[in-house]
Amino acid sequence: MDPKIAYFSMEIGIKNQIPTYSGGLGILAGDTLKAAADLGVPIIGITLLSEHGYFTQHLDEEGNQTESPTDWNLHEQLGDPLPERANVQIEGRNVQIQAWQYWIEGSTGSKVPVLFLDTNLEENEEQDRALTAHLYGGDRAYRLKQEVVLGIGGVRMLRALNHTNVYRYHMNEGHASLLALELFREDALKASCPLDDFDACMQGSMADIRKFCVFTTHTPVAAGHDKFPYDMVQHVLGEFLPMYLIKKLCGEDELNMTLLAMNLSHYVNSVAKQHQQVSTHLFPGYQFSSITNGVHSTTWTGPHMAALFDSYIPNWRQDSFELRYASRIPEQEILQAHQSAKEDFVNHVNEHYQAGLDKDVFTIGFARRATAYKRMHLLFQNIDRLRAVGSKFKLQIVYAGKAHPADGMGKDLIKMIYQHASDLQDTVKVVFLPNYDIHLASKLIAGVDIWLNTPVRPLEASGTSGMKAAHNGVPQFSILDGWWIEGHTEGMTGWSIGPMPSEENENSNDDGADAEELYDKLEHIILPMFYEKKMKWEHVMRNSIAFNGSFFNTHRMVQQYALNAWLY
Ligand SMILES: *Cc1c(COP(=O)(O)O)cnc(C)c1O
């Protein structure tokens, strides 16, 4: 199918063998394209090759993280690169780009291509050959150059491949914003605009480009938005466009990728309803819509639960909305399917990591990037209290997550979990599994009994791992932030920790109070239900699928993008 929508993302996570993602952003991009393939949406994905991936995480006995490159077999996964080439100018050098194409096949047989841009060509200078080597590696200048390859190079690659019917350019986060500058430049050149006279024709170009562009923001804090100093921009981009003009579009003091994307998009959205409010506070004067994230149902439903869905809901692979009919599956069968997933997981980690987990013990799962705002350590706020809960009811806890190599705080958090694990070893088994990736996530999320999520409000723009849990009948126990504000019904789809955010308490985070509520609910509601009221527990499991799996999926999400952002 001739692509009409070009979806740009710095990272796209499709499967474990293509390790070109670091976390939620990339997996969301992959899940988006998979749903588009299922639904027959004419879209093409564009990303960087990340030839050495993000990194492989190694942890020693004390939880010290070290990193090594994740090498993968390009030819086995992607065949041969396409013969077409694109060019960009970086620091005055000509940099050639080639693309590897991967086809995502949908559940109905439609296919969606993904282009992996690659500068590792003999024709390029050594430093430029390394530009598509490491995802989120290197310094600020390296990042800017990568974004030149992605945004400007990506548009030029679409031209080189003769994809002439593309009429929507989707920027998944600000890393891809330079694509809008490239479209702007093309338009101005075509119209033979005097580039030194903004008012004469630039306003016209701006209006033209806005029709083409769509922007999704994922970051609820100002510091998280990609920015570059103008002397660096000048050095890297050279004569790409007059600097006064770039400043008009990207901000006076520094190049702000989010501003650029917002100024040149006709549709800008946040990734959950609450995130829409946070974004509006961050960027007064701009309009934000919201489309809440989802996950790709067939990717994230484990094989045992999927087999159950196949027998009761035969069309669920083509249409995730049908998961609402999980309400008709006998609850005991859901429990059994989950128990099989749990045994698979427990066997896997006991075999590979000598973890010593017990398949009959209530298991808490917590896995996501190890970075401060996720509050990985909240569960250990009051060790004595946790020990008391663990003496009353059997309890084991599984952690996983990578810290960015430059994130010292994130690395310290992992070490802290190791320390707590050793302090608690007599009462509560705590294990930390290394190298969280798609493969581990699939097994882990489907195999635990409850999914714990404790971010600092309001920093979790959406979060998606709890949606994966819901697909597997695993209830979430979470701070009311991101998607959980929408997905949470107390005692029905899971449980909340802490207050519902309001104007007054939006940014208040009381670790002590949050942890107390966590222990209270565990001890008095969740654990008693799990061990003593199995029928109630089964009911919560089934509700998670029927209420949340049927809605927090990328089939629903892509249909909302199609109707709101891509069609008009
Ligand atoms: C789903 C997923 C994430 C994102 O999880 P969040 O809850 O959104 O932080 C990160 N890493 C991997 C490997 C995942 O599968």
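Because the structure is predicted, anything quoted here is derived from the model rather than measured. As the structure lists them, so they are numbered: ligands from 1, and atoms in each ligand from 1.
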Distances for all N or O pairs of ligand 1 and the protein under 3.5 Å?
unit_1   : atom_1 : unit_2 : atom_2 : d
ligand 1 : 7 (O)  : S465   : N      : 3.2
ligand 1 : 7 (O)  : S465   : OG     : 2.5
ligand 1 : 8 (O)  : T464   : N      : 2.8
ligand 1 : 8 (O)  : T464   : OG1    : 3.2
ligand 1 : 9 (O)  : K374   : NZ     : 2.8
ligand 1 : 15 (O) : K468   : NZ     : 2.6

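Screening residues 460-480 for salt bridge (charged side-chain N to carboxylate O under 4.0 Å, His left out) gives K374-E460 as the qualifying pairs, with residues at least two apart or on separate chains. Counting only residues at least two apart or on different chains, the ring-ring contact (aromatic ring centres under 6.0 Å, His included) pairs with a member in residues 438-473 are H348-H439.
Residues R369 and D407 are not in side-chain contact: their nearest non-hydrogen atoms beyond the backbone lie 4.5 Å or more apart. Side-chain contact check for Q57 versus I414: some heavy-atom pair is nearer than 4.5 Å.
The salt bridge (Lys or Arg N to Asp or Glu O under 4.0 Å) search around R375 returns D511, D514, not counting sequence neighbours.
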Report task. For H420 and F432, run ring-ring contact (aromatic ring centres under 6.0 Å, His included): C-alpha distance rounded to whole Å, both residues' side-chain angles, the deciding distance at 0.1 Å, then the answer. Result -> CA-CA 11 Å; H420 294 315; F432 198 111; over 10 Å; no
